[in-house]
Amino acid sequence: MIKPLRKNTAKKAPFKLNWAQKLFIVAALIILSITSLPIVIVLLIGMLPTVTVLLIDSRNFNKLTMVGCFNLAGAFVCLVSMFNQFNSLSEITVLGNVFNIIIMLGAAALGMLLYFELPNLFVYLFKSSAQRRLRHINATLEKISADWGSEIVNDVSK
């Protein structure tokens, strides 16, 4: 009897939190959001495109990653300017500036644009590379045809 190379092992159950761990996480998030309320407000408004992608297309992890990373980068730019003048009204200062909103939402739009256009760019690059390779092969065949005669190239192509 042939033994299998790998033993069939049972799959582990997914990691689950008990009620005490969930309660601790929720309490920690509440305390963190209260102590840094201006940051939370800016992140909630700034990360709306990511939340929208999460709600609408949650199974598309690549889109969520691309939009989320660009959106977080745009929101972080505004948070850095908020850290220089941190007080209770700093979120109003940051969100009141239209350019900060454009930076946060525009970064998410750039992530969405890259998500949709990056595959097209790669297709274009691969096509142009294949065409350049085909031109090189044709030039090599013409050189061989000139050196050895066109009868040999025609006999091979039949």
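These numbers come from the heavy atoms of this one structure, side chains and all, not from hydrogens, waters or symmetry mates.
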- Task: Give the intermediate values and the outcome of side chain to side chain contact (heavy atoms under 4.5 Å, CB included) for residues Val80 and Phe76.
- Result: CA-CA 6 Å; Val80 167; Phe76 189 72; 3.6 Å; yes
- What do the steps show when you test Val67 against Thr52 for side chain to side chain contact (heavy atoms under 4.5 Å, CB included), and what is the final call? CA-CA 10 Å; Val67 172; Thr52 304; over 6 Å; no
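Leu48 and Leu64 fall into different hydrophobic clusters, where Ile, Leu, Val, Met, Phe, Trp and Tyr residues are linked whenever their side-chain heavy atoms come under 4.5 Å apart, directly or through other members. Both Phe70 and Met112 are part of a single hydrophobic cluster, where members link through side-chain heavy atoms under 4.5 Å apart. Cluster annotation: Val53 and Ile101 are assigned to distinct hydrophobic clusters (Ile/Leu/Val/Met/Phe/Trp/Tyr, side-chain heavy-atom contacts under 4.5 Å, transitive). The cluster map of Ile, Leu, Val, Met, Phe, Trp and Tyr, joined by side-chain heavy atoms under 4.5 Å apart, puts Met66 and Val77 in different clusters. Connection of Leu110 to Met47 is not established within any shared hydrophobic cluster, with ILVMFWY side chains joined at heavy-atom distances below 4.5 Å, either directly or through further cluster members.
A 4.5 Å side-chain heavy-atom check between Asn120 and Glu117 finds at least one atom pair inside the cut-off. A heavy-atom distance below 4.5 Å is not found between the side chains of Leu121 and Phe126.
Side-chain atoms of Ser36 come within 3.5 Å of backbone atoms of Leu32 as a donor-acceptor pair (strictly under, hydrogens ignored). At least one donor-acceptor pair closer than 3.5 Å links the side chain of Gln21 to the backbone N or O of Asn18. In terms of modelled atom types and a separation under 3.5 Å, the side chain of Asp57 and the main chain of Lys63 share no donor-acceptor contact. In this structure a side-chain-to-backbone donor-acceptor pair under 3.5 Å is present from Ser128 to Tyr124. Using a distance-only test at 3.5 Å, with no hydrogens or angles considered, no donor-acceptor pair links the side chain of Asn100 to the main chain of Cys78.
For the atom pair Leu44 CG and Ser33 OG, the distance stands at 9.0 Å (nearest 0.5 Å). A distance of 8.0 Å separates CD1 of Ile31 from OG1 of Thr35, quoted to the nearest 0.5 Å. Within the model, atoms CD1 of Ile103 and CG of Asn71 stand 12.5 Å from one another, a figure rounded to the nearest 0.5 Å. Separation of atoms CG (Leu134) and CG (Leu141) is listed at 9.5 Å; rounding is to 0.5 Å. The line from CE of Met104 to CD1 of Ile102 is 10.5 Å long, rounded to the nearest 0.5 Å. Within the model, atoms OG1 of Thr50 and CG of Leu43 stand 10.5 Å from one another, a figure rounded to the nearest 0.5 Å.
Smallest separation of non-hydrogen atoms from Pro49 and Ala108: CB-CB, 3.6 Å. Residues Met82 and Ile39 approach most closely at CE-CG1, 3.4 Å, considering heavy atoms.
Checking each of Thr65, Asn60, Asn62 against Tyr115 for a side chain to side chain donor-acceptor pair (under 3.5 Å) leaves exactly one that passes, namely Asn60.
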